[in-house]
There are 2 protein chains.
Amino acid sequence: MAQTLYELVGRDDHRFSPFCWRTLMALRHKGLRPERVPVRFTEKPKIAFSGQELVPVLVDGATTVSDSWTIVQYLETAYPNAPALFGGAAAQAEARFINHWADGQLQPAMVRLIIGDIYACLEPADQAYYRKTREARFGMTIEALAGARELELEPYRRLLAPLRATLKEQPYLCGEAPAYADYIVFGAFQWARCSSPYPMLEASDPIFAWRQRLLERFDGFAGAAKSFGA
Amino acid sequence: MAQTLYELVGRDDHRFSPFCWRTLMALRHKGLRPERVPVRFTEKPKIAFSGQELVPVLVDGATTVSDSWTIVQYLETAYPNAPALFGGAAAQAEARFINHWADGQLQPAMVRLIIGDIYACLEPADQAYYRKTREARFGMTIEALAGARELELEPYRRLLAPLRATLKEQPYLCGEAPAYADYIVFGAFQWARCSSPYPMLEASDPIFAWRQRLLERFDGFAGAAKSFGA
């Protein structure tokens, strides 16, 4: 049965959504290679069939699933014989914490470093949408946020400490091999890499080496994505 | 075989070390009830036999183990037939991230709220030790830190967001039942509760309800500890 994944796209085929990257890596982990349908911010009618407005949306035969967390649970249930994305109930429950940490702390810290670059990476019609929604969210213009970027480095760096300490001791968040908690956090770094030339990690950082291993995984799948190479 | 746990104590039998609480809960989880030997900050000779200077130290028959993370791994290996503290390799690896998050972010945010109370909760000889080591660490006097407490509330509250979001969706960090990742984070709240009257959580907070369930667990074991009841 063929799968289709609807995912966010910016200009020049830059596909940077952190939520879509979690799902893309999870699909590969399960050995699935979906058809990938790009959706711009202002192309919401393309996914109206899913009954909501956000990517990723996975269509697997007769089943339509949206929301990255719902999708990974669907994949684990629908493909129990493919490699596990969690590795047990406790691991899944702890991955939920890591998911909320990425959504609520890591990504909000990152967006303040790359928001100007994300904006520049969008088609003009999407820029208008992005400006309106993000400026309402932050209560500042994109230009003001981008101009204050250097001030946001310290909170971002502080946030990385527990991730770095963990990856100094073990190759992946999930241990000896990557699983969904790794893909959650990797999605955040891939978001930055595919939308911005800003160097989010130094080459000497254990997080950099971990990201590199995930870029190379699945025959270099994520590494081949259109990015700014930072 | 009987176990002995050497654990930190302040004045009037207040036992508040977050690292000791992780281990105490882990021991109960395994069905073990160690003899508990109180050790003050300035009684390091009591644990010199362990070859290092920090509590908790577990003695289990001929085996001596220190460091809370090393102890929990020991318990999981030595008592494989008692309830699991992790629930698989991926869960253990993810718990390591939660351990670093608690050590490196949650507890450092908390200590700024309770440091004056911890100081007041120590015997005079330990106060001198605590003042010297903590003032060197923070580069400020305990009184200056305590005086700035209200400024530290916002960073602390922000840190709790992913924990709260997770506990809105599932009863424990480890899912339907608590395991070691819960005890790690619980240890931080028990540290505050046993050393300070400062209200760290509001009664309407899902984290409060989670803490309450853990205070009641094992026949109210942690709830019976000498505390300020906040």
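As the structure is a computational prediction, the values presented were derived from the model and not from experiment. Below, chains carry the letters A, B, ... as their sequence lines are ordered, and counting in each starts from 1.
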Task: Atom group of B/E94 that falls short of 4.5 Å from chain A, counting heavy atoms - done: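 Contact with chain A involves both backbone and side-chain atoms of B/E94.
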
Task: Which portion of B/L167 sits near chain A, non-hydrogen atoms under 4.5 angstrom - done: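 B/L167 has no heavy atom closer than 4.5 Å to chain A.
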
Please work out which of the three classes, parallel, tilted or perpendicular, describes the rings of [Y] and [X], given edges at 30° and 60°.
{"X": "B/F16", "Y": "B/F41", "answer": "tilted"}
{"X": "A/W101", "Y": "B/F97", "answer": "perpendicular"}
{"X": "B/Y119", "Y": "B/Y130", "answer": "tilted"}
{"X": "A/W69", "Y": "A/Y180", "answer": "tilted"}

In terms of heavy-atom proximity below 4.5 Å to chain B, should [X] be classed as side chain, backbone, both, or neither?
{"X": "A/A179", "value": "neither"}
{"X": "A/L163", "value": "both"}
{"X": "A/E169", "value": "side chain"}
{"X": "A/Q170", "value": "side chain"}

Name the option with the most non-hydrogen atom pairs under 4.5 Å to chain A; the candidates are [options].
{"options": "B/A181, B/A93, B/A177", "result": "B/A93"}
{"options": "B/G175, B/G87, B/G88, B/A165", "result": "B/A165"}
{"options": "B/G104, B/A95, B/A161", "result": "B/A95"}
{"options": "B/N99, B/D103, B/L173", "result": "B/L173"}

Open item on the list: Is it the case that the side chains of B/Y79 and B/D60 hold a donor-acceptor pair, with the cut-off being a distance below 3.5 Å and no angle test?
Closed with: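 Yes, B/Y79 and B/D60 have a side-chain donor paired with an acceptor closer than 3.5 Å.
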
Task: Trace of the side-chain hydrogen bond (donor to acceptor under 3.5 Å, both in side chains) decision for A/D205 with A/W210 - done: CA-CA 9 Å; A/D205 192 330; A/W210 161 85; over 6 Å; no

Task: SB check A/R157 A/E152 (cutoff 4.0 Å) - done: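 The answer is no: the pair does not qualify as a salt bridge.
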
